[in-house]
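A short worksheet on the structure shown next.
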Protein chains: 2
Amino acid sequence: MEPREISQAVIGRLPRYLRYLGDLKDEGIERISSQELSKLMKVTASQIRQDFNNFGGFGQQGYGYNVEHLYEEISNILGLDQKHQLIIIGAGNLGQALANYMNFERRGFIIKGLFDNNPALHGKTIRGISVQPMDQMEEFMKTNNIDIAVLTIPKTSAVEIAEKLVQYGIKAILNFAHVDLNVPAGIQVENVHLSDSLMKLSYNLSCYNKEQ
Amino acid sequence: MEPREISQAVIGRLPRYLRYLGDLKDEGIERISSQELSKLMKVTASQIRQDFNNFGGFGQQGYGYNVEHLYEEISNILGLDQKHQLIIIGAGNLGQALANYMNFERRGFIIKGLFDNNPALHGKTIRGISVQPMDQMEEFMKTNNIDIAVLTIPKTSAVEIAEKLVQYGIKAILNFAHVDLNVPAGIQVENVHLSDSLMKLSYNLSCYNKEQ
DNA sequence: AAAATCTTGTCAATGAATTGACAGGGGATT
DNA sequence: AATCCCCTGTCAATTCATTGACAAGATTTT
């Protein structure tokens with residue numbers, strides 16, 4: 001049972017599997033074969049079996065996969081059986097939008113704090129969470145056992161703040177700032193660069209138009 | 001000069017190149033070699049040369065790449081020399097946050113309209129753009145030559161709205177709804193699934209913790 | 001209970017992406 | 001002007017990811 005390294009390509013597909021399995025569960029469907037799932041999700045059945053097998057055999061020959069069981073397994077693999085305490089740095093439009101989004105909580109991502117440099121926002125409350133000044137971050141992180149920070153601040157201050165967060169013991173960062181953070185190995189970072197997505201769209205648009 | 005198919009892996013890296021080149025430009029740096037850029041961006045020099053070469057040789061032996069020129073080239077490849085008119089469907093927190101974000105405009109992505117089902121929001125104005133009811137979408141799209149739609153509505157209505165958008169002639173969709181859209185080939189879709197990013201973080205977190 | 005039908009787990013084959021290596025052409029230096 | 005050094009473009013090698021194929025084991029049907 002050596003914990004062989006799983007490729008990020010596989011990990012990146014797990015949330016999508018989870019989504020489809022959740023939908024199937026809600027529809028009351030008990031079992032599904034890789035072939036059926038393959039048609040539903042528009043990927044090859046081979047890939048589905050290969051992916052699941054990275055974590056051990058969840059299926060049964062002649063039967064397929066038990067939806068509920070598979071859902072639980074993937075859920076656990078993704079660490080969704082544990083709760084994560086998170087803070088949002090930057091209470092601008094995007095930060096507030098994320099704070100208002102309830103669905104994260106259902107997955108165990110609990111928003112505990114909101115921070116911003118702008119004094120005009122201090123004390124403002126979103127879903128019961130009040131915006132605090134940045135300099136209370138360190139104290140707050142210690143008392144609330146925070147492991148994930150969501151960065152929704154401009155690129156100019158993002159790198160600096162990220163370094164502080166690391167110093168204060170953050171374990172993972174979801175970064176919306178349009179800049180690459182410079183963090184030591186072992187700190188997990190996921191970047192969400194919205195303008196990058198728009199640019200890809202733009203490329204594919206002009207590319208497709210040219211072909212016509 | 002056959003327009004050979006460029007892999008999405010390469011396209012996905014172009015915006016990041018563009019970002020670094022923009023920064024270099026702002027610093028007044030005129031030339032850069034693949035090796036220097038490689039150190040800066042923490043990717044292999046080989047990959048950089050390979051990537052740029054997909055579009056023809058922008059560099060010069062013994063000199064490197066001219067920053068300004070390379071910036072322009074990549075910019076054009078991504079289609080940023082053209083303007084894109086876009087609408088945002090869903091004027092909730094996220095939709096408003098995106099509408100307020102100015103930086104898209106600098107890249108030629110012009111937000112022309114905002115739509116929402118909620119009558120309470122109709123007439124509300126964000127940066128001069130007023131929120132309109134959904135049933136005016138078709139008319140608006142025709143008169144304003146819209147090519148991109150940003151979907152910031154709940155998953156329950158996203159699929160249906162996407163189909164309507166396609167019917168009205170949309171060319172590309174940036175999808176924030178947590179569901180896969182079902183659009184015909186040729187319509188470009190980019191998904192931004194925030195909870196997926198959080199789940200990946202969660203996996204890597206628990207994975208790293210286990211190794212310690 | 002036996003036969004027929006599924007469907008997984010897995011291995012091999014293919015395909016794609018990344019990396020390494022180097023020839024040859026420019027620029028810089030003397 | 002000649003030499004030296006640098007750096008690209010490109011080919012080959014390697015690594016990684018996806019797909020195809022099938023044996024073996026379960027389930028369902030007869």
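Within every chain, numbering begins at 1; the chains are lettered A, B, ... in the order of the sequence lines, protein sequences first and strands thereafter. Atom set for the values below is all heavy atoms of this structure, side chains included, hydrogens, waters and symmetry mates excluded.
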On a heavy-atom basis, the closest approach of B:Ile170 and B:Ile187 is O-CD1, 3.4 Å

Quick one: label B:Thr44 by what it contacts on the DNA or RNA (base, sugar-phosphate, nothing), any heavy atom closer than 4.0 Å. sugar-phosphate

Integer-rounded Å distance: C:dG9 P and A:Ile48 CD1: 12 Å

Can you list every pair that meets salt bridge (charged side-chain N to carboxylate O under 4.0 Å, His left out) and has a residue in residues 85-107 of chain B, with sequence neighbours left out? B:Glu105-B:Arg127

Rounded distance in Å - CZ (A:Phe52) to C1' (C:dG9): 13 Å

Spacing of B:Ile6 atom CD1 and B:Asp51 atom CG [to the nearest 0.5 Å]: 9.5 Å

Look up atom SG in B:Cys207 and atom NZ in B:Lys200, then write down how far apart they are to the nearest 0.5 Å. 14.5 Å

Which atom pair, heavy atoms only, marks the closest approach of A:Ser202 to B:Leu80? OG-CD2, 4.1 Å

Checking B:Arg31 now: which residues fulfil side-chain hydrogen bond (donor to acceptor under 3.5 Å, both in side chains) with it, not counting sequence neighbours? none

Run the ring-ring contact (aromatic ring centres under 6.0 Å, His included) test against B:Phe176 and tell me which residues pass, sequence neighbours left out. none

Distance-minimising heavy-atom pair for B:Leu181 and B:Ile173: CD1-CG2, 3.8 Å

Looking at CD of B:Glu68 and CG of B:Leu21, how far apart are the two atoms once the value is rounded to the nearest 0.5 Å? 10.5 Å

How many Å lie between CD on B:Gln8 and C1' on C:dA17, as a whole number? 14 Å

Separation between CG (A:Asn66) and CD (A:Gln60), nearest 0.5 Å, reads 9.5 Å

Whole Å only: how far is the CD1 atom of B:Ile11 from the P atom of C:dA16? 16 Å

Between the axis at one end of the helix from C:dA1-D:dT30 to C:dT30-D:dA1 and the axis at the other (five pairs apiece), what's the angle to 10 degrees? 20°

Quick one: CD1 on B:Ile161 to CE on B:Met137, what's the gap to the nearest 0.5 Å? 5.5 Å

Tell me which residues in residues 56-70 of chain A lie within less than 4.0 Å of DNA chain C, going by non-hydrogen atoms. A:Gly57, A:Phe58, A:Gly59, A:Gln60, A:Gln61, A:Gly62, A:Tyr63, A:Gly64, A:Tyr65

Test: salt bridge (charged side-chain N to carboxylate O under 4.0 Å, His left out). Region: residues 164-173 of chain A. Which pairs qualify, not counting sequence neighbours? none

Starting from C1' on C:dG15, measure out to CD on B:Glu5 and report it in whole angstrom. 15 Å

Among residues 26-38 of chain B, which residues get a heavy atom nearer than 4.0 Å to DNA chain C? B:Arg31

Range on DNA chain D touched by chain A - first to last nucleotide, heavy-atom distance under 4.0 Å: D:dA17 to D:dT28

What residues, two or more places apart in sequence or in another chain, satisfy salt bridge (charged side-chain N to carboxylate O under 4.0 Å, His left out) together with A:Glu73? none

State which residues pass salt bridge (charged side-chain N to carboxylate O under 4.0 Å, His left out) with B:Asp180; sequence neighbours excluded, sorted by chain then number. A:Arg16, A:Arg19

Sub-4.0 Å heavy-atom contacts from residues 16-25 of chain B onto DNA chain C, ordered by number: none

Rounded to the nearest 0.5 Å, how far does CD1 of A:Ile87 lie from CG of A:Asn144? 9.0 Å

ring-ring contact (aromatic ring centres under 6.0 Å, His included) filter on B:Tyr71, not counting sequence neighbours, yields none

Integer-rounded Å distance: C:dA17 P and B:Ile6 CD1: 11 Å

Toward the 5' end of DNA chain D, by each residue's nearest nucleotide, B:Arg49 or A:Ser7: B:Arg49

